[in-house]
S.K.: 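Here you go, one structure.
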Protein chains: 2
Amino acid sequence: MTIRDIAKVVGVTPTTVSNVINGNYNKVSQKTIDKVNKVIEESGYIPNKNARALANNSSKIIGVIFPKTKEGFMQNPFHAQILTGIEKVISAKEYYLMIKSIEKYEDIYQLMQNWSVDGFIILSLIGYQLPKLEKFKNVPVVFIDTYYEELKYINIGSDDYGGEYKAANHLLKMGHESIGFISYHIDYPSVISMRLNGFKDALENKGIPFDYSKDVLEIEEFDAHDEECVNRILDFAKNKTGICISADILAIEIVEVLKDNGYIIPDDMSIIGFDNVYLSRYANPKLTTINQDIIAKGNIAAENLINMIEKNYSKEPNIKIQTDLVIRDSVKKLV
Amino acid sequence: MTIRDIAKVVGVTPTTVSNVINGNYNKVSQKTIDKVNKVIEESGYIPNKNARALANNSSKIIGVIFPKTKEGFMQNPFHAQILTGIEKVISAKEYYLMIKSIEKYEDIYQLMQNWSVDGFIILSLIGYQLPKLEKFKNVPVVFIDTYYEELKYINIGSDDYGGEYKAANHLLKMGHESIGFISYHIDYPSVISMRLNGFKDALENKGIPFDYSKDVLEIEEFDAHDEECVNRILDFAKNKTGICISADILAIEIVEVLKDNGYIIPDDMSIIGFDNVYLSRYANPKLTTINQDIIAKGNIAAENLINMIEKNYSKEPNIKIQTDLVIRDSVKKLV
DNA sequence: CTGAAAGCGCTTACAG
DNA sequence: CTGAAAGCGCTTACAG
């Protein structure tokens with residue numbers, strides 16, 4: 001079934017059928033429109049998108065790029081929630097969703113040209129990996145959680161700085177004075193480094209000096225079965241009463257490690273996460289954390305991208321979702 | 001940059017360039033191959049996939065179809081894990097991944113023809129929704145978790161019957177005699193109905209009569225804030241000491257409801273889930289459940305599909321992943 | 001309002 | 001080993 005077949009049946013030319021399909025109604029008589037539509041209906045004709053994309057140089061495909069992670073790309077609940085948000089608006093607007101997890105950013109170009117992808121959403125790219133910007137000139141791109149000074153593109157981020165500031169401040173208010181910050185590997189600039197800044201400033205604003213070497217623990221690869229990794233955490237915890245952890249998923253793992261080693265949470269150690277991943281509400285104890293509306297973030301990213309694609313218009317270059325403290329059961333008030 | 005541009009630079013014809021790109025080396029001299037490759041390299045040429053798909057009627061796209069759920073398609077950790085498994089092999093084999101969540105199965109046809117999708121993986125389709133089978137004749141399809149008598153396609157499932165049998169049996173062995181089964185809406189046949197069968201047979205094999213009206217609770221829509229929903233669960237729990245729940249995500253919610261209403265788990269009520277979603281290991285108490293290797297399921301589905309696409313060969317029509325009891329902390333031994 | 005024709009960028013028999 | 005040509009199924013100026 002092609003456009004030509006339809007044309008033959010109706011007794012008209014492919015041009016006309018194409019015009020009907022594309023809603024160029026000012027170019028076709030109502031009578032013809034009806035006839036064509038009827039045949040399309042009856043025959044169950046479905047246009048070939050590849051041909052259309054080839055002729056149009058536009059595909060209605062939106063590519064979503066995830067960083068490749070060791071656990072597997074959707075094992076990260078943050079990724080899963082973002083994708084949920086993106087998918088919802090993409091499918092509502094009748095775009096198609098192509099997904100790729102990449103190791104090096106050059107892989108994006110391929111996908112870009114390959115399919116005449118109409119636009120991209122790129123997640124958590126570390127600044128220094130950002131490809132030379134000119135390359136993106138022709139394709140609308142929306143970044144999520146990307147910090148980069150020269151970023152001229154739309155970025156949908158969160159108030160990472162303010163969020164972690166609130167987290168540390170909460171610990172401080174609850175009477176904790178020796179507190180630390182644990183994170184996966186910290187890139188600069190990045191979501192994590194911004195959170196660290198918030199942590200640091202909260203301390204200093206209370207007149208508590210910040211000492212990176214004592215107050216921050218970077219964990220390159222968390223592994224609950226790796227003795228050295230566990231010992232580093234235990235060592236780090238020793239002289240502290242509270243810890244801010246840069247992501248809920250890591251926080252939950254660390255809570256388990258501490259519990260396994262005799263800590264009672266929050267009695268012996270107070271913990272605050274970040275992200276308010278849906279898992280955190282079921283953890284034991286329920287995790288006090290910083291909420292960001294991850295699904296909204298996905299929605300906003302997709303909406304902005306589609307606006308760019310369709311109207312060549314874009315709101316602000318930098319949108320920041322607010323972040324709020326969610327108090328649950330993992331922080332204890334010290335007297 | 002097109003194949004023609006490359007051809008011009010090399011001083012050769014598009015046919016030859018195409019032959020080099022496609023590895024038809026027996027049709028081109030080594031000298032030409034080298035020259036062409038050099039120019040391709042230098043120019044950063046990337047073939048247009050749409051054109052190729054149009055000419056080939058094959059796209060290297062694999063479509064993955066999820067049922068549309070209220071929470072959002074990736075909010076379901078089972079979906080997320082399956083997708084992780086699928087993505088891993090698809091990207092390793094250099095296919096592209098297109099994702100769609102659908103409400104009605106007819107939407108599949110669209111996607112199918114639209115992009116000359118090379119194959120489909122379809123998740124959790126309920127048997128009676130299965131489209132007329134002839135329609136799939138030309139496109140390889142692998143189903144996941146689909147039960148259907150006349151299913152002539154490959155299905156990657158789990159031993160749902162055996163798994164739930166083990167679950168119920170475990171409760172029985174631990175001294176529980178009045179036990180129940182809770183599930184979302186039950187379709188027939190389906191993953192859930194098979195699990196229910198396993199539950200039922202475990203009971204009957206111990207000489208305990210099974211009474212659907214008393215032993216099974218179907219929850220159409222779980223909502224912890226809906227009083228009626230909560231009351232139904234509390235009512236159901238009243239005269240029981242243990243409950244098998246057909247999915248971990250539901251089990252975890254129900255545990256919360258019970259705890260909120262004064263139950264201590266497992267002292268007052270023993271709970272077994274199903275799926276061993278990664279969340280279940282962090283729940284409070286840690287959830288005893290039935291494990292299935294969800295990522296492996298995704299891997300196997302993708303591998304089989306690609307085999308079908310490339311070699312027109314397929315293993316068995318029906319592959320069942322094994323399911324095993326994972327004992328954690330949500331079941332109590334009765335004396 | 002309708003149609004003939006060229007073009008999108010590739011592939012693939014076929015001839016030489 | 002190389003190339004000319006037709007075709008994949010659509011779109012889009014352009015002419016009438």
Side-chain angles (χ1 to χ4, degrees), chain A residues 1-37 39-40 43-61 96 110-118 138-139, chain B residues 1-37 39-40 43-61 96 110-118 138-139:
Chain A
M1 270 279 101
T2 72
I3 229 176
R4 174 170 294 142
D5 299 323
I6 303 287
K8 261 184 209 149
V9 177
V10 182
V12 83
T13 207
T15 306
T16 303
V17 175
S18 173
N19 280 137
V20 172
I21 290 174
N22 292 303
N24 301 134
Y25 293 151
N26 56 332
K27 298 187 176 171
V28 198
S29 73
Q30 188 59 46
K31 221 172 161 180
T32 316
I33 293 177
D34 293 341
K35 279 198 283 185
V36 171
N37 277 333
V39 175
I40 288 179
S43 62
Y45 163 77
I46 296 170
N48 181 312
K49 298 271 182 188
N50 289 121
R52 181 178 284 179
L54 182 58
N56 275 340
N57 194 28
S58 144
S59 62
K60 285 271 183 182
I61 296 177
Y96 294 88
Q110 267 230 338
L111 191 61
M112 185 161 68
Q113 300 229 12
N114 268 341
W115 296 104
S116 323
V117 167
D118 280 357
N138 306 316
V139 188
Chain B
M1 270 281 100
T2 72
I3 230 177
R4 175 171 294 143
D5 298 324
I6 303 287
K8 262 185 208 147
V9 177
V10 183
V12 82
T13 207
T15 305
T16 302
V17 176
S18 172
N19 279 137
V20 172
I21 290 173
N22 293 302
N24 302 135
Y25 293 149
N26 55 332
K27 297 187 178 173
V28 198
S29 74
Q30 187 59 45
K31 224 172 161 180
T32 316
I33 293 177
D34 294 340
K35 280 197 283 186
V36 170
N37 278 332
V39 176
I40 287 178
S43 63
Y45 163 77
I46 295 170
N48 181 312
K49 297 272 182 188
N50 289 121
R52 182 178 284 178
L54 182 59
N56 275 339
N57 195 28
S58 143
S59 61
K60 283 268 182 186
I61 296 176
Y96 295 87
Q110 266 231 337
L111 192 62
M112 185 160 69
Q113 300 229 12
N114 268 341
W115 296 103
S116 323
V117 167
D118 280 357
N138 306 316
V139 187

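Order of the sequence lines fixes the chain letters, A, B, ..., with proteins taken first and strands second; residue numbering starts at 1 for each chain. Note: hydrogens, waters and symmetry copies are ignored here, and every other heavy atom, side chains too, is used.
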S.K.: Is any side-chain N or O of A/Thr16 closer than 4.0 Å to OP1 or OP2 of C/dC1?
M.R.: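 For C/dC1, neither OP1 nor OP2 has a side-chain N or O of A/Thr16 closer than 4.0 Å.
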S.K.: Looking at A/Thr32, I'd like to know whether one of its side-chain N or O atoms comes within less than 4.0 Å of OP1 or OP2 on C/dC1.
M.R.: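 For C/dC1, OP1/OP2 do not have a side-chain N/O of A/Thr32 under 4.0 Å.
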S.K.: Whole-Å distance between C/dC14 C1' and B/Asn24 CG?
M.R.: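 Nearest whole value for this atom pair: 15 Å.
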S.K.: If we ignore angles and hydrogens, is there a donor and acceptor under 3.5 Å between the side chains of A/Asn19 and A/Thr15?
M.R.: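 Looking only at side-chain atoms, A/Thr15 and A/Asn19 do not form any donor-acceptor pair under 3.5 Å.
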S.K.: CD1/A/Ile61 to CG/A/Asp118 distance, rounded to the nearest 0.5 angstrom?
M.R.: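 A/Ile61 atom CD1 to A/Asp118 atom CG measures 8.0 Å (nearest 0.5 Å).
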S.K.: B/Ile33 CD1 to D/dC1 P: how many Å, rounded?
M.R.: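 To the nearest whole Å, that distance equals 8 Å.
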S.K.: Kindly compute the distance separating CD1 (A/Ile46) from CD1 (A/Ile40), expressed to the nearest 0.5 Å.
M.R.: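 So the CD1 of A/Ile46 and the CD1 of A/Ile40 are separated by 11.5 Å.
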S.K.: Under 4.0 Å between any heavy atoms, over every strand shown, what does B/Asn26 touch: base, sugar-phosphate, or nothing? Just pick one.
M.R.: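 Sugar-phosphate: the residue B/Asn26, judged by heavy atoms under 4.0 Å, touches backbone atoms but no base.
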S.K.: Apply side chain to side chain contact (heavy atoms under 4.5 Å, CB included) to residues B/Gln30 and B/Tyr25 and explain how you reach the verdict.
M.R.: CA-CA 8 Å; B/Gln30 187 59 45; B/Tyr25 293 149; over 6 Å; no
S.K.: Taking NZ from A/Lys27 and C1' from D/dT12, how many angstroms apart are they, rounded to a whole number?
M.R.: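 Nearest whole value for this atom pair: 7 Å.
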S.K.: Show each protein N/O and nucleotides 7-11 of chain C N/O combination with a separation under 3.5 Å, one pair to a line.
M.R.:
unit_1: C/dC8; atom_1: O2; unit_2: A/Ala55; atom_2: N; d: 3.4
unit_1: C/dG9; atom_1: N2; unit_2: B/Ala51; atom_2: O; d: 3.3
unit_1: C/dC10; atom_1: OP1; unit_2: B/Tyr45; atom_2: OH; d: 2.4
unit_1: C/dC10; atom_1: OP1; unit_2: B/Asn48; atom_2: N; d: 3.0
unit_1: C/dC10; atom_1: OP2; unit_2: B/Ile3; atom_2: N; d: 2.4
unit_1: C/dT11; atom_1: OP1; unit_2: B/Asn22; atom_2: OD1; d: 3.3
unit_1: C/dT11; atom_1: OP1; unit_2: B/Asn22; atom_2: ND2; d: 3.1
unit_1: C/dT11; atom_1: OP1; unit_2: B/Arg52; atom_2: NE; d: 3.0
unit_1: C/dT11; atom_1: OP2; unit_2: B/Ser18; atom_2: OG; d: 2.6
unit_1: C/dT11; atom_1: OP2; unit_2: B/Asn22; atom_2: ND2; d: 3.2
unit_1: C/dT11; atom_1: O3'; unit_2: B/Asn56; atom_2: OD1; d: 3.3

S.K.: Atom CG of A/Asn50 and atom OG of B/Ser58: how far apart are they, to the nearest 0.5 Å?
M.R.: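 Nearest 0.5 Å value for the CG-OG distance: 9.5 Å.
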S.K.: Rounded to the nearest 0.5 Å, how far does OG1 of A/Thr2 lie from OH of A/Tyr45?
M.R.: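 Output value for this atom pair is 7.0 Å.
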S.K.: Please report the C-alpha distance between B/Val20 and B/Asn37 in whole Å, then the side-chain angles of each, then the deciding distance to 0.1 Å, and finally whether the side chain to side chain contact (heavy atoms under 4.5 Å, CB included) criterion is met.
M.R.: CA-CA 8 Å; B/Val20 172; B/Asn37 278 332; 3.5 Å; yes
S.K.: Could you go step by step and tell me if B/Arg52 and B/Ile21 meet the side chain to side chain contact (heavy atoms under 4.5 Å, CB included) rule?
M.R.: CA-CA 12 Å; B/Arg52 182 178 284 178; B/Ile21 290 173; 3.4 Å; yes
S.K.: Report the secondary structure of DNA chain C in dot-bracket form, marking unpaired bases with a dot and bases paired to a different strand with |, and treating Watson-Crick or G-U pairs with both distances under 3.5 Å as paired.
M.R.: |||.||||||||.|||
